[in-house]
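Notes follow the structure.
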Amino acid sequence: MSIWLVFLLGGILTFGMRFIFIYLLGRIEIPETLRRALRFVPPAVLTAIVVPELLVRSGQIDLSPSNFRLLAGMAAVLVAWKTKNTLLTILGGMLVLVLLELIF
Amino acid sequence: MNISQRSFWAGVRAELPLLMGVVPFGMIYGVLALNAGLRPVAAQMMSSIVFAGSAQFITAQLVREAVPGTVIVLTIAVVNLRHMLYSASVAPYVRDLPMGWKILLSYLLTDEAYAVTILNYEKEGDAPSGHWFFLGAGLTLWISWQLSTAAGILLGTTLPESWPLDFALPITFIALIFPTLKDRPAIAAALTAGTVALFAHDLPYKLGLMLAGLLGILVGTVLEERKAPKGTL
């Protein structure tokens with residue numbers, strides 16, 4: 001299979017998955033329970049993206065204080081909670097991580 | 001400025017902080033794709049045809065290992081399964097748009113565009129200009145992704161490896177999770193998903209993420225159903 005065909009098929013499948021429910025809604029009846037379940041997509045999926053990024057280092061779960069990303073992530077959680085500000089959260093988390101890596 | 005333009009630029013602004021993580025990610029992808037043996041034009045085209053960061057990284061890796069095309073296509077599909085959840089999640093907000101808009105916004109529905117767009121929809125409700133916000137966020141990400149891919153291809157990686165810029169995206173998502181934790185079922189959904197994602201991290205093809213997302217959604221839904229009918233927290 002040529003690389004272009006791979007991209008094309010991969011792109012069509014990716015687009016299809018992004019499009020499918022946007023297309024189907026209104027054409028098929030969606031059960032009420034499923035409709036209510038949708039509001040849990042953001043907290044569930046975003047948290048599932050973040051947690052391994054903080055806690056898994058080199059393929060291993062690392063809960064020790066020598067895992068600077070965990071510490072910086074906790075700092076970011078604190079900033080996010082206190083300020084509700086995206087930019088401050090990023091800057092705070094990055095600053096803590098850079099400082100930890102510089103000092104230790 | 002009319003309401004559509006205001007909404008569009010609000011989407012652009014909401015997306016900007018995420019670029020701190022996206023731009024280095026795109027540059028690294030560009031470099032990695034060339035190292036995997038892709039020609040520059042192919043590396044660039046993958047960013048616009050597939051337009052999905054982690055799937056592109058994995059594809060570059062598989063091309064390097066000379067894995068058969070069919071396997072690569074299936075891998076891209078499995079890695080991108082979570083986009084079906086995003087599609088279902090934004091569907092109610094875009095249901096009355098013309099088909100052209102639906103197609104365009106679907107193409108732009110990445111992790112990063114979804115995260116800021118769904119927050120806006122949840123805040124603004126069914127505001128008639130919400131799709132302009134979506135477009136602003138999605139286009140900002142799209143342009144940044146194309147340009148950072150090109151920068152990676154043309155310049156090679158000029159960012160020192162010791163700069164932990166790959167950390168910018170996860171902490172951006174931390175900022176975006178907080179407003180979604182509105183009540184106990186939502187918090188339970190997040191805690192469940194986080195825990196499952198942690199213990200399932202070594203499943204291949206990002207299936208751990210998909211499993212964690214689904215179980216989190218299930219726990220949130222079950223808890224909500226068990227609450228008193230009118231109960232809100």
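At a 4.5 Å heavy-atom cutoff, the contact between P92(B) and chain A is made by backbone and side-chain atoms alike. Looking at E122(B), only its side chain comes within 4.5 Å of chain A, counting heavy atoms on both sides. At a 4.5 Å heavy-atom cutoff, the contact between M20(B) and chain A is made by side-chain atoms alone. For S48(B), no part lies under 4.5 angstrom from a heavy atom of chain A. Residue contact with chain A, scored on non-hydrogen atoms closer than 4.5 Å, involves the backbone and the side chain of F51(B) alike. Contacts between L169(B) and chain A at a heavy-atom distance below 4.5 Å are absent for every atom of the residue.
Between V45(A) and L209(B) the shortest heavy-atom distance is O-CD1, 3.8 Å. Nearest heavy-atom pair, V41(B) versus W4(A), reported as atom, atom and distance to 0.1 Å: O-CH2, 4.0 Å. Between S106(B) and F19(A), the shortest heavy-atom distance links the atoms OG-CD1, 3.1 Å.
I76(B) has its side chain out of reach of F7(A): every pair of non-hydrogen atoms, C-beta onward, lies at least 4.5 Å apart. For the pair K102(B)/Y23(A), no side-chain contact is recorded, criterion being any heavy-atom separation below 4.5 Å from C-beta on. At least one side-chain heavy atom of E224(B) sits under 4.5 Å from a side-chain heavy atom of F40(A). When side chains are defined from C-beta on, Y114(B) counts as touching P42(A), because their heavy atoms get closer than 4.5 Å.
A donor-acceptor pair under 3.5 Å links the side-chain atoms of S87(B) to the main chain of I22(A), judged by distance alone.
Of all the listed residues (M17(A), R18(A), R36(A)), the one sharing the greatest number of non-hydrogen pairs under 4.5 Å with chain B is R18(A). Chain A forms more heavy-atom pairs under 4.5 Å with one residue of P17(B), G216(B), G21(B), G208(B) than with any other, namely P17(B). Interface remark: of the candidates V222(B), V90(B), I103(B), V79(B), I103(B) forms the most heavy-atom pairs closer than 4.5 Å to chain A. Chain B forms more heavy-atom pairs under 4.5 Å with one residue of V6(A), I3(A), L13(A) than with any other, namely V6(A). Interface remark: of the candidates A55(B), G213(B), A42(B), A42(B) forms the most heavy-atom pairs closer than 4.5 Å to chain A.
R39(A) pairs in a side-chain contact (heavy atoms from CB on, under 4.5 Å) with only one of the listed residues (I217(B), D183(B), T221(B)), which is D183(B).
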Assess the residue pair L54(A) and I174(B) against the criterion (side-chain contact (heavy atoms from CB on, under 4.5 Å)); give the C-alpha distance rounded to whole Å, side-chain angles, the decisive distance to 0.1 Å, and a yes or no.
CA-CA 11 Å; L54(A) 300 185; I174(B) 289 178; 4.1 Å; yes
Could you go through the side-chain contact (heavy atoms from CB on, under 4.5 Å) check for T89(A) and T172(B) one step at a time?
CA-CA 7 Å; T89(A) 305; T172(B) 313; over 6 Å; no
After noting the C-alpha distance and the side-chain angles of V41(A) and I118(B), does the key distance pass the side-chain contact (heavy atoms from CB on, under 4.5 Å) rule?
CA-CA 10 Å; V41(A) 174; I118(B) 195 68; over 6 Å; no
